[in-house]
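Atom set for the values below is all heavy atoms of this structure, side chains included, hydrogens, waters and symmetry mates excluded. Whatever order the structure lists ligands and atoms in, that order sets their numbers, starting from 1.
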Amino acid sequence: MNSECTRVLTGITTTGTPHLGNYVGAIRPTVQVSRNSATEGFYFLADYHALIKCGDPSRVQRSTLEIAASWIAAGLDPEMVTFYRQSDIPQIPELTWLLTCVTGKGLLNRAHAYKAATDKNHAAGHDTDADVTAGLFMYPVLMGADILMFKAHKVPVGRDQIQHIEMARDMASSFNHLYGEHFVLPEAVIEESVALLPGLDGRKMSKSYDNTIPLFAPSAQMRKQINAIVTDSRAPGEPKSTEGSALFQIFKAFASAEETEQLAQAFADGIAWGDAKQHLFERLDREIAPMRASYEDLIHNPDKVERILKLGAEKALQRSAPFMAELRSAVGLRSLSTQPSLQIEKVSKASAPQFKQYREKDGQFYFKLVSPQGHTLLLSKGFSSPKEAGLAIAQLIANGASALDALQAQLEALHANARDEVLENLNFLHFNSDK
Ligand code: TRP
């Protein structure tokens, strides 16, 4: 593995037909990154993830083909990057299990997607976990395996995925702490300039709102859909506001700054909605038409795509197979014929443990105790104020084990066996605090 190179990795879940939002938010930016020769790219079709949301086999298959074809048509070069299908890499589910065993259940309880599902159940008066699969619950671990398997440094994702990358870091440091430095700690890359694209009705363009414009719909269909974008009732000649205009936002995502400025001026000058839609159609078509032929060719020749993905899987396996062998040995899944190593590596405690306080989306205040190795040892439940959280931390530092017991209800144990380590770190803080 070329260790000089920054490794960039991202995946797209194969549950639907790629739309303009996917193109602007995921496909186009990753193609740009993939052309940077200072990086090594890993791009994949997350079809195991698709099974969490989609129970329709033909749809998963079709979407895999469509997303692969879109990525290639948009300029992803399978020769330059490692482009593969997640389910062609058996080491990914294998790694998922190893990570499952170092991931706190409490951590997964707080994953946004899972919490949204349980919150909805609570609001409806249903059981907490009604209709929630273990697959949804485990989603972040599978994603952690995707990322850690290829030692990715950078993971370009949408904002809604940041928490998953943080969890992957947690898993990596837990594992490294227990078994030695095997994993690279990944970082999310959020492209600030990539706007969330609004859909036909002005809400975020998303399959779940049924407001999408497919990326590679035939020209005539795209024109029809653009005509269906919701606008206000201002007549031709009346100045129009760019603010809150889905039409304007979509145009902006495809146009240069200059073109965008021109359209803004046309809005101020009272352009008719019909003409504005025509502008948008022409601008989109200018970018998409050249890719459409290549897309159509791939869709009608699925064998070509299959071959590309198989070659990609071979490349990926050259990394994943030896790495998995290393990891299996690290955790003790070893041939009985080899001598067990009696020497257990001690990780040096270079710096001090730390309490980290933070606020979650639910508005509550949390803290965690992080060991000098970056390993999360203790996780709190939500406090209603930072002061309460701070008080609990002070008690833990002052009183160690007895505070740990007293605060049990407010804490989430991360590792069943971590108590000694927690106490050791609390002790350190107790004797090294300023007071
Ligand atoms: N969860 C991502 C999404 O829905 C897709 C995904 C799966 C992914 N595994 C990944 C993205 C690993 C980045 C890295 O958008």
Pair Lys368 + Glu412: basic N to acidic O under 4.0 Å: no
Lys310/Asp88 ion pair, N-O < 4.0 Å: yes
Aromatic plane relationship, Tyr23 with Phe254 - under 30° parallel, 30 to 60° tilted, over 60° perpendicular: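 Rings of Phe254 and Tyr23: parallel, as their planes differ by under 30°.
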NZ or CZ of Arg203 within 45° of Tyr209 ring axis and under 6.0 Å: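 Yes.
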Under the side chain to side chain contact (heavy atoms under 4.5 Å, CB included) test, residues paired with Lys120 that sit two or more places apart: none
Residues in the immediate environment of ligand 1 (any heavy atom closer than 4.0 angstrom): Leu9, Thr10, Gly11, Thr13, Phe44, Ala46, His49, Tyr139, Met143, Asp146, Ile147, Val155, Val157, Gln161
Asn425 side chain to Ser371 side chain, donor-acceptor N/O pair below 3.5 angstrom: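 Looking only at side-chain atoms, Ser371 and Asn425 do not form any donor-acceptor pair under 3.5 Å.
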